[in-house]
Amino acid sequence: MIGFIIWIIGLVLTIKAAIEIWSLNADVVKKLLVIIVIVLTSWIGLLFYYFYGKGRMAGWLK
């Protein structure tokens, strides 16, 4: 049961991160690549995005 709750939290955070990245003003291909990397790296990608990359992502994608 706890594993399922953790999985749901990860799913929600991944969708939220993807929506935030998609709303940035950048090239579509770059945004898709970043979203795919975050989905494939699971929790590590989410941790990197929320603790380090969220504020810097717009600059990286331009």
Side-chain angles (χ1 to χ4, degrees):
M1 182 67 174
I2 291 180
F4 180 71
I5 293 171
I6 292 171
W7 180 78
I8 292 292
I9 291 169
L11 181 66
V12 169
L13 288 175
T14 302
I15 292 169
K16 184 177 179 239
I19 291 170
E20 290 174 3
I21 292 169
W22 191 256
S23 68
L24 294 174
N25 187 16
D27 185 33
V28 175
V29 175
K30 290 179 182 178
K31 291 189 292 189
L32 281 175
L33 284 173
V34 171
I35 291 170
I36 289 170
V37 166
I38 287 178
V39 169
L40 290 178
T41 57
S42 188
W43 281 100
I44 295 170
L46 284 173
L47 291 173
F48 175 79
Y49 175 73
Y50 281 114
F51 290 120
Y52 184 74
K54 186 174 182 178
R56 298 172 174 94
M57 193 63 65
W60 289 344
L61 293 178
K62 288 189 180 191

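Worth knowing before you read on, the calculation uses all heavy atoms, side chains too, and leaves out hydrogens, waters and symmetry mates.
Under the 4.5 Å side-chain contact rule for hydrophobic residues, Leu24 and Ile19 do not share a cluster. By the rule that hydrophobic residues join a cluster once side-chain heavy atoms approach within less than 4.5 Å of another member, Ile5 and Ile8 end up as members of separate clusters. Under the 4.5 Å side-chain heavy-atom criterion for ILVMFWY residues, no single connected hydrophobic cluster contains both Ile35 and Val29. Linking ILVMFWY side-chain heavy atoms closer than 4.5 Å, directly or via other members, places Tyr52 and Val34 in a single hydrophobic cluster.
Interatomic distance, CD of Glu20 versus CG of Leu13, reported as 9.5 Å (0.5 Å rounding). A distance of 8.0 Å separates CD1 in Ile38 from OG1 in Thr14, rounded to the nearest 0.5 Å. Summarising the geometry, atom CH2 belonging to Trp43 is positioned 7.0 Å from atom CD1 belonging to Ile6; distances are rounded to the nearest 0.5 Å. Rounding to the nearest 0.5 Å gives a distance of 9.0 Å between OG1 of Thr41 and CG of Leu47. To the nearest 0.5 Å, atom CD1 of residue Ile9 and atom CG of residue Leu46 are 11.5 Å apart. Annotation: the span from Lys16 atom NZ to Tyr49 atom OH amounts to 8.0 Å, rounded to 0.5 Å.
Using cut-offs of 30° and 60° for the angle between ring planes, the Phe48 and Trp60 rings count as parallel.
Here the side chains of Leu33 and Val37 are not in contact, with every heavy-atom distance at 4.5 Å or above.
Between the side chain of Lys31 and the backbone N or O of Trp22, at least one donor-acceptor pair lies under 3.5 Å.
Remark: Ile44 CD1 is loosely packed, at most 12 non-hydrogen atoms of other residues, nucleotides or ligands lying under 6.0 Å away.
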